[in-house]
Amino acid sequence: MTAIQTVELVKRYKELTAVDGLSLEVEQGELFSLLGVNGAGKTTTIKMLSCLAQPSGGDAFVGGYSVTKQPEQVKRLISVSPQETAVAPNLSVQENLQLMCGIHGLSKEESKARIGELAAKLKLQQVLARKAGKLSGGWQRRVSIAMALVSRPQILFLDEPTLGLDVIARHDLWEMIRTLKGETTIILTTHYMEEAEALSDRIGIMKGGRLLAVGTAEELKRKAACDDFETAFVSIVREG
Amino acid sequence: MTFARRCAKEILRDPLNLCFGLGFPLVLLGLLSAIQANIPVSLFKIDALTPGITVFGLSFMTLFSATLVARDRESAFLQRLYTTPMRGVDFIMGYMLPLLPIALGQTVVCYVCAAALGLKFSVNVLYAVLGNIPMAVFQIALGLMCGSVLGVKQVGGICGALLTNLSAWLSGVWFDLDLVGGAFGKVADALPFVHAVQMEKALFHADWSAAAEHVLPIAGYAVLAAVAAVWMFLRQMKKQ
């Protein structure tokens, strides 16, 4: 079943075309990575799919709803963990999660149960009482993802979730993202090759707003006739 | 209310906010009272000074609301919330409502401290506290406007330094505006600060007819600022 479909999606900012005729399909439960160098159009694509930016042309369907015509319905299905950590710094981790529970209309009892569930799943128990702004970058990203999961979204957008993290924090976060695979459709943007290869069911390579290639890491390597993914990526981007 | 509670916590848990918002007006109250004790100046008599100090203190509400909105924009916290079912009105009320009791609390603390310095307490204090509401709305709305278009650093400079100083100079708290007169006096008269101080003084002395003379310009500015703040916030929300 298709979770996301984009049809000739375009986003223009004055002279700049950030996304140029993007057409792709993502299946339910899939972890799909958008990979590309800076300015490839990954974040703009996520912004359009999450109703943060209005497309200049084409359309996208999330859970069957149009992002241009039915944004309210789309917002009920999705959640976003932005590139920046996006937590309330003077609130504790527990209060940050309570805030998201309140916004999504969960009762006190439901909130307590949901926070307990997320804390266990994302191993947040030890930091629940700490101020979010005082946590390390890795923990803040983890909290950010937990906040995005409060509403049990069908589709989760993770925009550069490991940007700026050290190797250990990055691997911890990968482990966490793997636990979400299957039950939630995940769209992840990254410019780390190893991240896309390690986590994704399929990868879409973008450059200059265009989708150059889509496939599994193995398919992309075969397409570029390369043994390692990084070389395959460079080859596809250079040819594109 | 969930979002409003969060905003209140963010403001009240910031030690700098408490320091400047509460500490600074109280220090000025103490300092100018000490000057008055040694060199008597009618402007700095405790019953003339305190109402002015409470109005000056409200200028920090602009700094608080502008900083909070600007920080939420820059950290992508707002972007995260824009993908939830929250509506424009939820954001605006969430930012504005918690600051109103904080502003009135600040006014009450100023009067209580002034009582310790010799101010005669009467029921008029209650009228004076309530009389600060329109000016508080103006200052909070001004902050929402600034936070919607400026970054955190710009907010610090413009709302923290420029606006607090301008509102102080143009309010007649520190010096008699009639002594300056000319264009300065005309500009001061066209803005709400001096009217707010005069109305506060009049309410404190239960001089209703004098208070009534200043209601219109303050209420007008409060309504104008609130409408402009809503428009500018919704505009930046749409832009996101």
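All chains are named by letter (A, B, ...) in the order of the sequence lines, taking the proteins before the strands, and each is independently numbered beginning at 1. Predicted model, so just to flag it, every value in this text is computed and none were measured.
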Asker: For Lys123(A), is the NZ atom crowded, meaning more than 12 foreign heavy atoms sit under 6.0 Å from it?
Answerer: no
Asker: Pick from Leu49(A), Leu52(A), Ile46(A), Val74(A): which one makes a side-chain contact (heavy atoms from CB on, under 4.5 Å) with Thr83(B)?
Answerer: Leu52(A)
Asker: Taking all non-hydrogen atoms of both residues, which atom of Ala76(B) and which atom of Ala86(A) are closest, and how far apart?
Answerer: O-CB, 3.5 Å
Asker: With a 6.0 Å cut-off (strictly less than), is the heavy-atom count around CE of Met93(B), excluding the residue itself, greater than 12?
Answerer: no
Asker: Measure from the side-chain N and O atoms of Lys75(A) to the backbone N and O of Tyr82(B), and report whether any donor-acceptor pair falls under 3.5 Å.
Answerer: yes
Asker: Under the 3.5 angstrom rule, does the side chain of Glu84(A) hit a backbone N or O of Ser75(B) as a donor-acceptor pair?
Answerer: no
Asker: Which of the residues Pro153(A), Ala148(A), Pro82(A) is involved in the greatest number of heavy-atom pairs with chain B at under 4.5 angstrom?
Answerer: Pro82(A)
Asker: With a cut-off of 6.0 Å (strictly less than), are more than 12 heavy atoms of other residues, nucleotides or ligands near OH of Tyr111(B)?
Answerer: yes
Asker: Within the side chain of Arg6(B), is there an N or O that forms a donor-acceptor pair under 3.5 Å with the backbone of Leu91(A)?
Answerer: no
Asker: If you round to the nearest 0.5 Å, how far is CG of Leu99(A) from CD of Glu10(B)?
Answerer: 9.5 Å
Asker: Find the one option among His104(A), Arg76(A), Gln54(A) whose heavy-atom pairs under 4.5 Å with chain B are most numerous.
Answerer: His104(A)
Asker: Between atom CD of Glu95(A) and atom CZ of Arg13(B), what is the distance when rounded to the nearest 0.5 Å?
Answerer: 4.0 Å
Asker: For the candidates Ser79(A), Pro89(A), Gly133(A), Ser81(A), which exhibits the highest count of non-hydrogen atom pairs separated by less than 4.5 Å from chain B?
Answerer: Pro89(A)
Asker: Which bit of Ile11(B) comes within less than 4.5 Å of chain A, counting heavy atoms only: side chain, backbone, both or neither?
Answerer: neither
Asker: Could you tell me whether the side chain of Ser144(A) reaches within less than 4.5 Å of the side chain of Arg80(B), counting heavy atoms only?
Answerer: yes
Asker: Non-hydrogen atoms of chain B under 4.5 Å away: do they reach the side chain of Ser50(A), the backbone, both or neither?
Answerer: both
Asker: Counting only heavy atoms not in Phe24(B), do more than 12 sit closer than 6.0 Å to its CZ atom?
Answerer: no
Asker: Report the option among Met100(A), Met147(A), Gln83(A) that has the most heavy-atom pairs separated by less than 4.5 Å from atoms of chain B.
Answerer: Met147(A)
Asker: Kindly check if the number of other-residue, nucleotide or ligand heavy atoms within 6.0 Å of CZ (Arg178(A)) is above 12?
Answerer: yes
